[in-house]
Amino acid sequence: MADITHGTWIKDGKAVDAVYQSGVKVYGRNLLTGTSGDLQTKQFTNSWNSGSQSTNGNYEIKLVKGQTYTYRAWLDNTNGSVNAFVNARFNPIGGSNYNLGNGTPINQGETGYSTLSITPSADGYVLLVTFAYGSPQTYSAVWKEEKLETGKMATPWSPAPEDILN
C-alpha cells in the first residue's frame, strides 16, 4: 500500500511516479529537488531572466525525446512592472540551446500558477526559470511550488521524493 509522506507518494520505501484516481492523475513525481512550498525571492538587474534562481541549476535535468513534461510554479507578481511566467530552455545533446516556450502569463499586480507543457524533439537537458522581462530595470522574482513532472497535466506541488527519503 502506498502512503503520502510530506506530500510525496511512497510505496515500500520507494517513490511512486504517479497516482491515479478514477482514471484522473492526482499526483505526479516532482523531478526537481530542493523546491519549496515557501516563497523564494531573488532580485535581478539588467537580466532578461532569472535562470540562476532555478532549482535545477544549469541544464542538469535530462529530458527524453517524445516524452511530454509539465513545468509549473506559483508566481507572485503583485509588485511586478511587467508580466511574469515560467520558461524552459533546452540544450539537445550535440546541439545548441534554444527556447522551448513560456508558460501562462501572470499579469502585473497578480499572483497565480504559470504552467508550460513541453515535448522535446531530441534527448537533451533543460533549464527551467521564472521569467520577467524587466531589463534594464531591477526586479524581484518571487515564486514557490516549482514542479516538473511527466505528462500533460499539472498536479498539486509536492517535494521531490529525494528531498523526503534522504
Side-chain angles (χ1 to χ4, degrees), residues 3-10 15-19 24-63 68-91 97 99-118 125-166:
D3 69 345
I4 194 160
T5 306
H6 303 289
T8 299
W9 282 90
I10 308 293
V16 175
D17 288 336
V19 175
V24 176
K25 186 177 176 183
V26 295
Y27 166 80
R29 182 184 189 277
N30 193 345
L31 301 174
L32 301 177
T33 58
T35 64
S36 176
D38 298 325
L39 283 176
Q40 309 295 308
T41 302
K42 192 161 189 176
Q43 192 170 55
F44 297 88
T45 303
N46 298 328
S47 175
W48 69 272
N49 73 30
S50 48
S52 58
Q53 106 269 354
S54 171
T55 57
N56 77 320
N58 289 319
Y59 298 102
E60 295 173 0
I61 300 291
K62 185 172 184 183
L63 300 185
T68 299
Y69 300 86
T70 298
Y71 176 46
R72 180 169 90 161
W74 188 91
L75 306 178
D76 181 343
N77 199 25
T78 52
N79 296 319
S81 59
V82 294
N83 292 347
F85 42 86
V86 295
N87 172 264
R89 291 198 62 80
F90 186 65
N91 191 12
N97 76 69
N99 188 35
L100 271 177
N102 300 324
T104 49
I106 306 303
N107 297 326
Q108 295 175 244
E110 297 180 1
T111 63
Y113 286 101
S114 179
T115 305
L116 171 66
S117 290
I118 52 178
Y125 296 87
V126 69
L127 174 69
L128 304 168
V129 298
T130 57
F131 179 99
Y133 187 83
S135 186
Q137 310 171 45
T138 296
Y139 70 96
S140 292
V142 183
W143 76 100
K144 68 178 181 176
E145 299 178 3
E146 188 179 21
K147 186 173 185 178
L148 176 68
E149 60 189 301
T150 57
K152 295 179 184 178
M153 176 191 280
T155 59
W157 177 81
S158 58
E162 295 84 351
D163 292 335
I164 302 303
L165 295 172
N166 294 334

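What you see is a predicted model, and the numbers here were worked out from it, not measured in a lab. Counting from 1, the numbers follow the sequence of the chain as shown. As a basis for the values below, the full set of heavy atoms in this structure was taken, side chains included, without hydrogen atoms, waters or symmetry mates.
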Side-chain heavy-atom pair Leu31, Tyr69 within 4.5 angstrom cut-off: yes
Distance, nearest 0.5 Å, that separates CD of Glu146 from CG of Leu75: 9.5 Å
Heavy atoms of other groups near Asn79 CG, more than 12 under 6.0 Å: no
Side chain proximity check, Tyr113 to Thr104, heavy atoms < 4.5 angstrom: no
Over all atoms of both residues, closest heavy-atom pair of Gln108 and Asn83: N-OD1, 3.3 Å
Atom pair CD1 (Ile61) and OH (Tyr125), whose distance is rounded to the nearest 0.5 Å: 10.5 Å
Leu100 vs Arg89 side-chain heavy atoms within contact, under 4.5 Å: no
Side-chain heavy atoms of Glu110 within contact of Asn77, under 4.5 Å: no
Inter-residue atom distance Asn107.CG - Thr78.OG1, 0.5 Å rounding: 13.0 Å
NZ or CZ of Lys147 within 45° of Trp157 ring axis and under 6.0 Å: no
Closest heavy-atom pair and its distance - Asn97, Asn91: N-OD1, 3.7 Å
Close side-chain approach of Tyr71 and Leu32, heavy atoms under 4.5 Å: yes
Residue pair Val86 / Ser114: nearest heavy atoms and the distance that separates them: N-OG, 3.0 Å
Side-chain touch Leu116/Asn87, heavy atoms, less than 4.5 angstrom: no
Closest contact, heavy atoms only, Ser117 versus Thr70: OG-OG1, 3.0 Å
Non-hydrogen atoms of Thr35 and Pro159 that approach each other most closely: OG1-CA, 4.4 Å
Heavy-atom closest contact (Thr68 atom, Lys152 atom, distance): CG2-CG, 3.6 Å
Donor-acceptor contact below 3.5 Å, side chain Thr115 vs main chain Arg72: no
